[in-house]
Asks: 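Take this structure first; my questions come after.
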Amino acid sequence: MPNYWLMKAEPAEASVDDVLAMPNATVPWTGVRNYQARNFMLDGMQVGDGVLFYHSSCAEPGIVGIARVASGAYTDPTQFDAKSPYFDAASKPEAPRWRLVDVQVLRKTRNLTLLELRADADLQDLIVLKKGNRLSITPVEPRHWHTILQRLGSPGLQEAF
DNA sequence: GCCAACGTTGGC
DNA sequence: GCCAACGTTGGC
């Protein structure tokens with residue numbers, strides 16, 4: 001049984017279109033610097049898990065694509081790069097703090113906006129809608145996943161998972 | 001730009 | 001281990 005996740009990306013950094021333009025439409029999910037989000041990648045994710053690709057910190061936040069987890073967790077190299085905004089001086093190569101997974105976009109969708117998500121009676125318990133939620137990676141319950149794919153008009157995509 | 005909410009840091 | 005101060009996230 002696959003798990004499902006919602007992953008936030010800032011379109012100014014890596015939009016769904018940016019990822020689609022990359023080889024295999026796959027992006028290393030770099031820059032996660034929160035232990036809870038890291039642990040989801042490290043302990044929770046399996047290759048093939050479903051991912052809702054979400055745009056945050058932009059004019060119209062919302063779900064803009066369907067993706068999948070495309071690798072296991074591995075060391076995020078930017079933590080050792082002093083020139084990177086994600087540099088972490090406290091992380092040592094012999095004990096890396098931060099990991100990432102590769103994420104492959106399968107399909108760009110319409111923007112299922114945060115406003116629509118909030119207005120949807122079937123999605124009230126979605127973690128990303130909870131007040132004060134700031135986690136960039138959150139688990140998604142199967143019932144929420146199915147509802148969202150339905151709202152996106154992509155029920156056929158269900159078979160990919 | 002504002003600010004609520006939350007995570008992290010560091011002094012004690 | 002407590003908790004105040006600080007930094008960050010992210011919607012609005």
Asks: Quick one: do A/D76 and A/R38 satisfy salt bridge (Lys or Arg N to Asp or Glu O under 4.0 Å)? Show the steps, please.
Replies: CA-CA 11 Å; A/D76 182 346; A/R38 179 204 67 178; over 6 Å; no
Asks: For A/T138, give me all partners under side chain to side chain donor-acceptor pair (under 3.5 Å), at least two apart in sequence or on another chain.
Replies: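 A/T138 satisfies side chain to side chain donor-acceptor pair (under 3.5 Å) with no other residue.
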Asks: Salt bridge (charged side-chain N to carboxylate O under 4.0 Å, His left out): which pairs involve residues 131-144 of chain A, sequence neighbours left out?
Replies: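 Checked against salt bridge (charged side-chain N to carboxylate O under 4.0 Å, His left out) - neighbours excluded - the pairs reaching residues 131-144 of chain A are A/D125-A/R143, A/E141-A/R143.
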Asks: Regarding A/K8 and A/E13, does a basic nitrogen lie under 4.0 Å from an acidic carboxylate oxygen?
Replies: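 Looking at A/E13 together with A/K8, the answer is no, because their closest N to O distance does not fall below 4.0 Å.
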Asks: Reading DNA chain B from 5' to 3', where do the contacts with chain A start and stop? Cut-off is 4.0 Å to heavy atoms.
Replies: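 With heavy atoms of chain A under 4.0 Å away, the range is B/dA5 to B/dT8.
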Asks: So A/W98 and A/Y35, ring-ring contact (aromatic ring centres under 6.0 Å, His included) or not? Walk me through it.
Replies: CA-CA 8 Å; A/W98 307 112; A/Y35 286 105; 4.7 Å; yes
